[in-house]
**Student:** 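This structure is in structure tokens; I'll ask about it shortly.
If you're wondering where the values come from, they're calculated on a predicted model, not measured in any experiment. Nothing fancy with the numbering, it's 1 onward along the sequence.
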Amino acid sequence: VATLFLITSASHALETKAFSDSEFKALKDSSKPVVVWLHAPWCSTCRSQEKSLSELAKDHTFDTVTVLKADYDNSDDLQKTLKANRQSTFIVFKGSSEVDRSVGVTRESDLTELFK
């Protein structure tokens, strides 16, 4: 039973996926909360954000949130569309509406507030 609980719990935690236009559109159309994260592997701020996201994934408050991780260095069109000009940017959507954004936030408590 404990194993089943862990498997069930893990499948509902905050999920981080690679960004795709189709996934982004589907999540916005479903009105589920989605966060676009412009990330760069060379960015120390982004690496700190990744650690904080790992901690947030343990909080069932965010079970319905999907984080779509976009490669900053290879997402010029997305950057223009979202008007995002820096890596380490989080853009929060509820349905098709942007509800918040942040650049450079790394603390788990700040990300918790942003994602709420």
Side-chain angles (χ1 to χ4, degrees):
V1 174
T3 303
L4 180 59
F5 174 75
L6 290 173
I7 292 169
T8 303
S9 297
S11 66
H12 296 289
L14 174 85
E15 188 172 9
T16 301
K17 297 179 175 183
F19 181 90
S20 77
D21 287 324
S22 59
E23 180 88 15
F24 185 42
K25 182 181 179 339
L27 287 165
K28 288 192 318 182
D29 289 348
S30 73
S31 295
K32 292 184 179 177
V34 59
V35 178
V36 176
W37 177 29
L38 290 154
H39 174 278
W42 48 263
C43 170
S44 60
T45 300
C46 298
R47 288 192 298 271
S48 293
Q49 289 173 327
E50 201 151 31
K51 291 176 187 173
S52 293
L53 282 177
S54 293
E55 290 303 312
L56 279 185
K58 298 173 187 175
D59 184 343
H60 290 288
T61 303
F62 303 109
D63 285 354
T64 61
V65 176
T66 301
V67 176
L68 296 178
K69 184 178 176 180
D71 180 348
Y72 179 79
D73 294 323
N74 296 302
S75 62
D76 292 343
D77 290 341
L78 181 63
Q79 291 174 41
K80 289 176 188 170
T81 300
L82 297 178
K83 298 179 181 148
N85 58 4
R86 289 193 49 209
Q87 75 282 356
S88 74
T89 299
F90 288 103
I91 305 171
V92 182
F93 291 86
K94 179 66 174 169
S96 61
S97 299
E98 179 182 331
V99 294
D100 208 350
R101 75 170 49 208
S102 179
V103 178
V105 169
T106 59
R107 290 188 315 194
E108 182 184 342
S109 60
D110 293 336
L111 290 177
T112 296
E113 288 304 310
L114 178 67
F115 287 19
K116 283 183 180 179

**Student:** Considering all heavy atoms of both residues, which atom of A40 and which atom of D73 are nearest to each other, and what is their separation?
**Tutor:**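 Answer, listing the atom of A40 first, then D73: CB-OD2, 4.2 Å.
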**Student:** Do the side chains of L14 and D59 get nearer than 4.5 Å, heavy atoms only?
**Tutor:**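 Of all side-chain heavy-atom pairs linking L14 with D59, none is under 4.5 Å.
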**Student:** For the atom pair CG (L114) and OG (S52), what is the distance rounded to the nearest 0.5 Å?
**Tutor:**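 Answer for the CG-OG pair, L114 versus S52, is 11.5 Å.
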**Student:** More than 12 non-hydrogen atoms from neighbouring residues, nucleotides or ligands closer than 6.0 Å to CG on D21, yes or no?
**Tutor:**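 It does not: D21 CG has 12 such atoms or fewer within range.
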**Student:** Evaluate whether atom CZ of R47 has more than 12 neighbouring non-hydrogen atoms of other residues, nucleotides or ligands under 6.0 angstrom away.
**Tutor:**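 Atom CZ in R47 is crowded, with more than 12 foreign heavy atoms closer than 6.0 Å.
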**Student:** Going by side-chain contact (heavy atoms from CB on, under 4.5 Å), K94 matches just one of V99, V34, D100. Which one?
**Tutor:**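 Exactly one option meets the side-chain contact (heavy atoms from CB on, under 4.5 Å) with K94, and it is V99.
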**Student:** Write down the atom of D71, the atom of N74, and the distance for their closest heavy-atom approach.
**Tutor:**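 So the minimum-distance heavy-atom pair works out to OD2-ND2, 2.8 Å.
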**Student:** Can you name the closest pair of heavy atoms from R86 and L38 and give their distance?
**Tutor:**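 Smallest heavy-atom distance, with atoms named: O-CB, 4.2 Å.
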**Student:** At what distance, to the nearest 0.5 angstrom, does CD of E55 lie from CZ of R107?
**Tutor:**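 Interatomic distance, E55 CD to R107 CZ, rounded to 0.5 Å: 15.5 Å.
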**Student:** First locate atom CD of Q87, then atom SG of C43, and finally report the distance between them rounded to the nearest 0.5 Å.
**Tutor:**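 Between Q87 CD and C43 SG, I get 4.5 Å after rounding to 0.5 Å.
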**Student:** Should the heavy atoms of other residues, nucleotides or ligands under 6.0 Å from CG of D76 be counted, would the total exceed 12?
**Tutor:**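 Enclosed.
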**Student:** Distance check, rounded to the nearest 0.5 Å: L53 atom CG versus E108 atom CD?
**Tutor:**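 So the CG of L53 and the CD of E108 are separated by 9.5 Å.
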**Student:** Which pair of heavy atoms, one from S75 and one from Y72, lies closest together, and at what distance?
**Tutor:**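 Residues S75 and Y72, closest heavy atoms: OG-O, 3.4 Å.
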**Student:** Hey, can you tell me if F62 and F115 have their rings parallel, tilted or perpendicular (30° and 60° cut-offs)?
**Tutor:**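 If you compare the ring of F62 with that of F115, the planes turn out perpendicular.
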**Student:** Compare every heavy atom of S102 with every heavy atom of V105, then report the nearest pair and how far apart it is.
**Tutor:**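 Looking at all heavy atoms of both residues, the shortest contact is CG2-OG, 2.5 Å.
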